[in-house]
Structure formats: C-alpha cells, structure tokens
Amino acid sequence: MKESKAPQDWYRGQGHWAGVPAAQWQDYRWQLRNRVTTVERLREFIELTPEEEEGCAHANKKLALAVTPYFFNLIDTDDPDCPIRKQLVPRGDEMRVSPEELLDPVGEETAMGVDGLVHRYPDRCLFLVTNMCAAYCRYCTRSRLVSNAEGHDFHPNYENALRYIEEHPEIRDVLLSGGDPLLLSDKKLDYLLGRLRAIPHVDFIRIGSRIPVFLPQRVTPELQDLLRRHGPVWISIHVNHPRECTQELYDAAERLSFAGVPLGNQSVLLRGINDDLETMRELVHRLLRMRVRPYYLYQCDLITGSRHFRADVRKGIDIIRGLRGFTSGYAVPQFVIDAPGGGGKIPVNPEYIEEINDDEIVLRNFAGDIYRYPLRSREPVPAGVGMLV
Ligand SMILES: *Cc1c(COP(=O)(O)O)cnc(C)c1O
C-alpha cells in the first residue's frame, strides 16, 4: 500500500452516505444519530463473514456495536482483513475467553479512590467521566464499564471524584477518560474543567479521547473556545492505523492545535492490524504531519476475549528498534505494558546497553555498532596549548 503523503489526498468524503446534505454530514449530532448499531444495518454495507455473524449475535451482551458513518466509510467492505473493520466489527472470538484473561485487566477496581477515579500513581489520577463513546473498539480495556452492555451500569459521581481530588493535594495531574470525555456536552465539559482549574494543586489537565478519530465533526468552534479558555489542556488521541489519518482528522487536529491543545497519540499494538514496522512507520509519520506526537504504544491488555487481537510483545520491541534512529525521535512512541493486576505502565524497550560496570557503559547504537562511554574519570593531565580553545 503506497499512500500519498499529502493530507489533502486523505479526504474520504461521504461514501455510503453520498446523498446526505453536507451540512448534516458535518454535524456531529447527525453522525451520532446515524451510527451503525445493528447487525441488520451492518449487513446492508458488508457481507459479514460467519465469524463476524457470530460476533454480532452476541455483541451487545458484552460491548455495544456502534460506528459513526464518517468512520464506517474508512472500512474496505470488500476486505474481511481490513484493519479498520477488525477494530470495530465484532467477531466470534470475542466470546471465547482464555484463562489468562481478566475482566479488569489492569487492576483498576483495586485502585479506585472513589467510584470512577483511579489513583494509582503518586501525583496523578484517572477520572472516568462517562461510559459512552462515539464508537466502540472491540478490544476495549474498559468494556466492563462502557456502553452499558449487559446492564453494566456506570454513573460517574462527579462531586465525589472532585472532592477526592480537592482533598488530595498530591494530585497535580488529572486525566479525564471514560468512555470518551469529548462526548459530554460543552456545558458539562465546561463545568468539569472549570472545577478542576479551580483546584490550586491541579496544574496539569489532559483528556484521553478517540473523538477526533471517530467523530472529527465534534471539534467545533465552541469546543475550541472551551479548550482554549481552560487551557492548557492536553489531549491524547487514539489512532492505530495510517488509514485513520484522513483529511478530516488532519483538520480536527489542526483545530485542536490552534486552540492551544498539545496533542499526543496512544496506539494499541493489534495483531494483523498494525503489528508490523511498515504500518507503524507510515502511522507515526502521518501523525507528525498532523502535529500529533506519538506518545504510547500499548501492548494489548489481557481483556476477556482479546486473544485474536494480542500481538507478540517481541514484535512491538522489534517495531521500536526499527524506528529508533531510523526516523525522527519525535516519531517514536514509548512501548509499554500496563501490568496485569495493577502495576501501572511499564516501559518495554529494545536493549541498547551491552554492559555496564564501574568503569564504563558499553552501548549498541541503532545500526548495531558498539560504543563505549567511560564512567570513571582518569587522572587529569595539564591541557596542552590549543586543547581548551
Ligand atoms: C495511564 C494512566 C495514567 C497516566 O499515566 P502517564 O504515564 O502519566 O501518561 C494515570 N493514571 C492511571 C490509572 C493510568 O492508567
């Protein structure tokens, strides 16, 4: 797949919804109302494989099916292996649970300060503000909480969580997540950001959101204003494959950047979707063109029914090794495993240290060559004339 570098060639248009007036297409409320949420609707566009039929038959018990028309158009409906399709269309494998898999894969429940607030690290917390998303990633790490499937109820109690943050002066960094915080109304977001900004010890606010990817129309002038007013607010978006980097996403990222929002990206390493160097290189380069700095690459959590998504950790390490030094440092994300049971994010890196002792560190560079850096100073000698100038 040789793709154009120019964002203006990434435009996807209205595709299956070609007859819809542009004003509606660009209205995020229309996009939400017209999401593909039933297997019948899916079948109108895609000839489902038996594996997908099986997945759809059970989908709403575990995690709701929903795809915005805009994002649906990125699916190559003729290709059962399409990397977009595999992220959004349920498959039977989701219902098959391996013994190592967990309902709460990264141990969030045991670190809840109050309901809906995970306080794992010393100076920062994760504030789950909604259980709704614009579309549902089939490998969702929080499928136990989001989308209300199978009656999982989650009613974030903002006041309890805000009080917890107010009463914990060690919290200087609050990460809003969910669900997708940018699915909240401007009014609610305004309220939440306002309350957080009013807490003197909170000096860093960020939002984790896939809205710019699933629903770029949501990044309205009003949202720009709001984010600018409460800024600096940082946003981590979630892009997994270069095909998601459309002109529409480019424009939404630009609107966010111009509203003063620094942008990062969090990808999940997904088997058969992005677990190869070529795909990742194309992805991170496109992200940089959109002013988005690749932040984390996650090893897929041990979510129930995720075996078909999980790539070999060694592939992730090889991808990082293939990027570091071969492309801009800004393009290289940190590969991490969010430790099962609640250890938090642990970096997983290719090994560049060959040896370290009291005398020296022996390093291997990106090209495989060996370099040495002394750790022990030797006796100084008088500098010769010319050595110091
Ligand atoms: C990911 C995460 C954070 C933020 O971690 P950073 O490494 O600072 O991005 C905070 N709290 C929880 C519970 C998290 O999972």
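Counting starts at 1 for both ligands and their atoms, following the listed order.
Counting only residues at least two apart or on different chains, the side chain to side chain donor-acceptor pair (under 3.5 Å) pairs with a member in residues 63-77 are Tyr70-Thr246.
Members clustered with Ile370: Val362, by chain and number, using a 4.5 Å side-chain heavy-atom cutoff among hydrophobic residues.
For Gln224, there are no side-chain hydrogen bond (donor to acceptor under 3.5 Å, both in side chains) partners, not counting sequence neighbours.
Using a 3.5 Å distance cut-off with no hydrogens or angles, the side chains of Gln26 and Gln31 do not pair a donor with an acceptor.
Here Phe45 and Trp17 bring their ring centres to under 6.0 angstrom of each other.
A salt bridge is defined here as a Lys NZ or Arg NE, NH1 or NH2 lying under 4.0 Å from an Asp or Glu carboxylate O, and Arg91 with Asp93 fails to meet this definition.
Contacts of ligand 1 (protein heavy-atom distance under 4.0 Å) are Val118, Tyr121, Arg124, Leu126, Leu175, Arg206, Tyr295, Tyr296, Lys345.
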